[in-house]
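Note on naming: letters A, B, ... go to the chains in the order of the sequence lines (proteins, then strands), and numbering restarts at 1 for each one. Values below: all heavy atoms of this structure, side chains included; hydrogens, waters and symmetry mates excluded.
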Number of protein chains: 2
Amino acid sequence: MGEKVTIATVARHAQVSRQTVSNVLNAPHIVREDTRQRVREAIAALGYRANQAARQMRTGRSRLIAVRIEPTRDGINGSVLDRFLHGLTETADAGGYRVLLYTARDDDQEIATYDALLGAYDLDAFVLTGTKHGDPRTAWLAEREVPFVTFGRPWDTPDAHPWVDVDGAAGTAQATRHLLAAGHRRIAFLGWPAGSGVGDDRRAGWRTTMAEVGLDSAAADRATEDGIAEGARELRTLLALDAPPTAVVCASDSLALGAWQAARETATDVAVVGFDDTPVAAAVGLSSVSQPLGEAAARCVELLTGLLDGQQRDPQLLLSPSLVLRHTA
Amino acid sequence: MGEKVTIATVARHAQVSRQTVSNVLNAPHIVREDTRQRVREAIAALGYRANQAARQMRTGRSRLIAVRIEPTRDGINGSVLDRFLHGLTETADAGGYRVLLYTARDDDQEIATYDALLGAYDLDAFVLTGTKHGDPRTAWLAEREVPFVTFGRPWDTPDAHPWVDVDGAAGTAQATRHLLAAGHRRIAFLGWPAGSGVGDDRRAGWRTTMAEVGLDSAAADRATEDGIAEGARELRTLLALDAPPTAVVCASDSLALGAWQAARETATDVAVVGFDDTPVAAAVGLSSVSQPLGEAAARCVELLTGLLDGQQRDPQLLLSPSLVLRHTA
DNA sequence: CATCGAGATTGGATCGTTCAAGGCGGCGAG
DNA sequence: CTCGCCGCCTTGAACGATCCAATCTCGATG
């Protein structure tokens, strides 16, 4: 098996200088057609691959993008990350970038990791999944002018940095409209305590849709921590109302699954729609709002590569989820 | 913000040569105690971080490990990868390595990716999740002496390369013993068609355990493709037997979920145990055999770093799964 | 025919690190 | 006293790419 093929090997083989080979790779338009052709053939014949380390040392860019992989919190909602990562990797590959993983227990440690990765590997960019109010991580990155995109809107200052997100309100609105069309009038919402951007957004979609058709919603609005048991508990309180709901829109599949199980236990016919279209929803036949994760990932990468290659494009993007109907609604 | 800190900056600050700084980092024992101390202080004071690209160019090693992220096949079983990846990333970080992702549609493309990654990034090692009979990927890697570990045994030639795996037979055996202890005698197995190493292994655990207590198992052995519908279908055929089983051990949570649903529909009391302890199992309360994924990942990394740093250790490792009891068994 | 200039090509320097070889002072042995 | 060795440190070169400035080529032009 041959000794390693460098740019010099290619140059010799194609009877040109190193610089010409480099130009063919990085600025093809300034090389004469036939020369370019000859160099390309030599590259193919020798199986030459540019050494990233050498390129990186000179240019300071690594063509590496970092993403955090989280400790699979819940399990039921956690597996969403999986699909996102896959999309990210695929799109990045297509653009000549690679995806590097990192973990962190908290924000401070995550910032320390940024520092380490930037220092040692010259990372080109970061993708953050989810942001919260007053996120220290985005501030740190922005201050140092490190390119990054978040999957999830910044809830305080909408234009602070590039982001891609899925329109949660549109998702719950769609679910609510579907239930209305099916004849339901008393439609409840099962969500998280006010204060989380994502949760409030999902609640808003339901509330405004109800208001649009002149239905009052205040009494049928529930807020609780995420979880199956919590979903079941809240559904029972809803059923205890004078005018119990005939359908429930939920902020997560965990809550939806709990609600569905509770409804079935009490032999009550209640339509349920979850959120995220997790494997669990698919497995038990739960209708759910599905996020276009692959597309979201692709857009994140496109935004980043656009940023890195200098071409500015619209740095904010809101995607629409779709409703997956199964047998619970 | 300061200009970049290189090894030369540290050397000047500590009043030594570049090489001495390098030695403190890579071979501390050959540097005198007080000098070492002085250099370490300078490193800390300046916030120096070794530039990976430069190091890599010289040594040909990148401290990068690649893992394939799969296209989330089923969904129900797919989310296992997530936990494995997290464990991998965490352990790798601790050992000073980073994890790089890649995708591939088929074996040929995967091999092409190996080539590309090795050529451009000087990858140190690969982690493969799952192997099949006569896997071309392991052959390719072995031929080129690229370090790699598989999560999953090679079924043809057990000692061909380093691997970590979970003892599937032990898992189904444990499940079967649990059911026996609970008084069951007619215990069926719901698995995949013979020929897949993993599937045959899981079946064997059940069969030998049954044989040990003198119970015949042939009639209650079912083989089908993976899936919820398939699990439900097979359970119905089992219930149609003259002596229907009172319990079923399954090769996957998909099959188990299908079986459980079918059993409940027909109002038959059948104990069900799944395999993999997926989020779905947790959500619906399905008992399942749980693989120690975090530990498996950690061992994979340890094996690799051991290999890379020259110290040989036992290159094959079989971990024991554990039975998670919920309310289906 | 000499000159010009645009475009293509060339050689040298450079990025930050590690490797290979060599220097220097002190200690023990001949 | 001298030599050799050893421990500790320093110097020069190299890894493979890109950037920069200088040079070459060649057709067009005065």
Side-chain angles (χ1 to χ4, degrees), chain A residues 2-40 42-43 46-64 96 116 118-124 309, chain B residues 2-40 42-43 46-64 96 118-124 308-309:
Chain A
E3 56 292 352
K4 53 196 111 156
V5 178
T6 78
I7 212 171
T9 322
V10 176
R12 225 176 308 132
H13 193 271
Q15 315 257 38
V16 293
S17 69
R18 292 166 321 191
Q19 178 64 16
T20 302
V21 178
S22 175
N23 284 337
V24 169
L25 294 173
N26 302 308
H29 59 279
I30 70 167
V31 179
R32 202 173 49 208
E33 172 60 26
D34 60 337
T35 312
R36 200 191 315 159
Q37 198 61 32
R38 205 166 70 243
V39 172
R40 291 234 164 92
I43 288 177
L46 296 168
Y48 166 78
R49 286 183 197 291
N51 181 318
Q52 269 304 315
R55 167 176 293 178
Q56 175 181 346
M57 181 151 60
R58 196 75 184 95
T59 62
R61 292 179 46 176
S62 58
R63 303 196 76 84
L64 245 39
L118 289 169
Y121 288 89
D122 288 319
L123 255 89
D124 284 353
D309 300 344
Chain B
E3 56 292 353
K4 54 196 112 154
V5 178
T6 78
I7 213 171
T9 322
V10 176
R12 225 175 308 132
H13 195 269
Q15 314 259 38
V16 293
S17 69
R18 291 166 323 196
Q19 183 61 21
T20 302
V21 178
S22 173
N23 285 337
V24 169
L25 295 172
N26 303 308
H29 59 279
I30 70 166
V31 179
R32 203 174 50 205
E33 172 60 26
D34 60 336
T35 314
R36 201 190 314 158
Q37 198 61 31
R38 207 166 67 242
V39 172
R40 290 232 164 94
I43 288 176
L46 297 167
Y48 165 78
R49 286 182 198 291
N51 180 318
Q52 266 306 312
R55 168 175 290 179
Q56 175 181 345
M57 180 152 63
R58 196 70 181 105
T59 62
R61 292 179 46 177
S62 58
R63 304 197 76 84
L64 245 38
L118 289 169
Y121 288 89
D122 288 319
L123 254 90
D124 284 353
L308 292 170
D309 300 345

Chemist: Please report the interatomic distance CZ(B:Arg18) to OG1(B:Thr9), rounded to the nearest 0.5 Å.
Modeler: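 Result: 12.0 Å between the selected atoms.
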
Chemist: Grab the CZ-P distance between B:Arg38 and D:dC8 for me, whole Å please.
Modeler: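 It is 14 Å, rounded to the nearest whole Å.
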
Chemist: Does a nitrogen or oxygen in the side chain of A:Thr59 sit under 4.0 Å from OP1 or OP2 of C:dC15?
Modeler: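 No, A:Thr59 has no side-chain N/O under 4.0 Å of OP1/OP2 on C:dC15.
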
Chemist: From B:Asp124 CG over to B:Thr59 OG1, what is the distance, rounded to the nearest 0.5 angstrom?
Modeler: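 B:Asp124 atom CG to B:Thr59 atom OG1 measures 8.0 Å (nearest 0.5 Å).
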
Chemist: Of the options C:dT10, C:dG11, C:dC15, whose atoms approach the side-chain atoms of B:Lys4 most closely?
Modeler: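 Ranking C:dT10, C:dG11, C:dC15 by closest atom to the B:Lys4 side chain puts C:dC15 first.
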
Chemist: With a non-hydrogen cut-off below 4.0 angstrom, is B:Thr6 in contact with a base, only sugar-phosphate, or nothing?
Modeler: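 B:Thr6: backbone/sugar contact only, no base atoms under 4.0 Å.
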
Chemist: Using a 4.0 Å cut-off on heavy atoms, which residues in residues 21-31 of chain B reach DNA chain C? List them by number, or say none.
Modeler: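 Residues of residues 21-31 of chain B under 4.0 Å from DNA chain C: B:Ser22, B:Asn26.
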
Chemist: Taking all non-hydrogen atoms of both residues into account, name the closest pair between B:Tyr48 and B:Val5 and its distance.
Modeler: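 Shortest heavy-atom separation between B:Tyr48 and B:Val5 comes out as CD1-O, 3.5 Å.
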
Chemist: Atom CZ of B:Arg36 to atom C1' of D:dC8: distance rounded to whole Å?
Modeler: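 Going from CZ in B:Arg36 over to C1' in D:dC8 covers 12 Å.
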
Chemist: B:Arg63 has an atom CZ; how far is it from atom C1' of C:dT18, in whole Å?
Modeler: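 For the pair B:Arg63 CZ and C:dT18 C1', the rounded distance is 14 Å.
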
Chemist: For the pair made of CZ in B:Arg12 and P in D:dT10, what is the distance, rounded to whole Å?
Modeler: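 Computing the B:Arg12:CZ to D:dT10:P distance gives 14 Å.
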
Chemist: Between D:dT10, C:dT17, D:dC20, which nucleotide has the shortest distance from any of its atoms to the side chain of B:Val16?
Modeler: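 In terms of side-chain proximity for B:Val16, the closest of D:dT10, C:dT17, D:dC20 is D:dT10.
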
Chemist: Using atom CZ of B:Arg49 as one end and atom C1' of C:dT17 as the other, report the distance to the nearest whole Å.
Modeler: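 Atom-to-atom, B:Arg49 to C:dT17, this comes out as 17 Å.
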
Chemist: With a 4.0 Å limit, can you tell me whether B:Thr35 has a side-chain N or O closer than that to the phosphate oxygens OP1/OP2 of D:dC9?
Modeler: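 Indeed, a polar side-chain atom of B:Thr35 lies that close.
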
Chemist: Nearest to the side chain of A:Gln19 - C:dT9, D:dC9, D:dC19?
Modeler: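 Of C:dT9, D:dC9, D:dC19, D:dC19 is nearest to the side chain of A:Gln19.
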
Chemist: Can you measure A:Asp34 atom CG to C:dA8 atom P for me and round it to whole angstrom units?
Modeler: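 So the CG-P distance, A:Asp34 to C:dA8, works out to 11 Å.
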
Chemist: Out of D:dA14, C:dT10, D:dA17, which nucleotide sits closest to the side chain of A:Arg58?
Modeler: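 Nearest to the side-chain atoms of A:Arg58, counting from C-beta on, is D:dA17.
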
Chemist: Can you tell me the distance, in whole Å, between the CZ atom of B:Arg18 and the P atom of D:dA13?
Modeler: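 In whole Å, D:dA13 P and B:Arg18 CZ are 11 Å from each other.
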
Chemist: Before you tell me yes or no, could you show the steps for B:Val31 and B:Val39 under side-chain contact (heavy atoms from CB on, under 4.5 Å), namely the whole-Å CA-CA distance, both residues' side-chain angles and the distance that decides it to 0.1 Å?
Modeler: CA-CA 10 Å; B:Val31 179; B:Val39 172; 5.9 Å; no

Chemist: Does OP1 or OP2 of D:dG16 have a side-chain N or O of A:Arg55 closer than 4.0 Å?
Modeler: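 No, because none of the side-chain N or O atoms of A:Arg55 sits under 4.0 Å from OP1 or OP2 of D:dG16.
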
Chemist: Does any part of the side chain of A:Arg55, heavy atoms only, come nearer than 4.5 Å to the side chain of A:Asn26, both counted from C-beta?
Modeler: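 They are in contact (side-chain heavy atoms under 4.5 Å apart), so the answer is yes.
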
Chemist: Can a donor-acceptor pair under 3.5 Å be found between the side-chain atoms of A:Gln56 and the base atoms of C:dC15?
Modeler: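 Looking at the base of C:dC15, it does not pair with any donor or acceptor on the side chain of A:Gln56 (distance under 3.5 Å).
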
Chemist: State whether the side chain of A:Asp122 and the backbone N or O of A:Arg61 hold a donor-acceptor pair below 3.5 Å, judged by distance alone.
Modeler: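 Such a contact is absent between A:Asp122 side chain and A:Arg61 backbone.
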
Chemist: Which nucleotide wins on minimum distance to the side chain of A:Ile7, given the candidates D:dC8, C:dT18, D:dT18?
Modeler: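 Ranking D:dC8, C:dT18, D:dT18 by closest atom to the A:Ile7 side chain puts D:dT18 first.
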
Chemist: Looking only at heavy atoms, what is the nearest atom pair of B:Leu64 and A:Tyr121, with distance?
Modeler: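 Closest heavy-atom pair between B:Leu64 and A:Tyr121: CD1-CE2, 3.5 Å.
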
Chemist: Pick base, sugar-phosphate or nothing for A:Ala53, based on heavy-atom distances below 4.0 Å to the nucleic acid.
Modeler: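 No contact at all - A:Ala53 keeps every heavy atom at 4.0 Å or more from the nucleic acid.
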
Chemist: Kindly give the heavy-atom pair with the smallest separation between B:Arg38 and B:Ala14, and that separation in Å.
Modeler: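 The answer is NE-O, 2.9 Å.
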
Chemist: State whether A:Tyr48 places a side-chain N or O below 4.0 Å from either non-bridging phosphate oxygen (OP1 or OP2) of D:dA17.
Modeler: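 So the side chain of A:Tyr48 is within the cut-off, an N or O lying under 4.0 Å from OP1 or OP2 of D:dA17.
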
Chemist: Whole Å only: how far is the CG atom of B:Asn51 from the P atom of D:dC15?
Modeler: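 Distance check: B:Asn51 CG to D:dC15 P gives 18 Å.
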
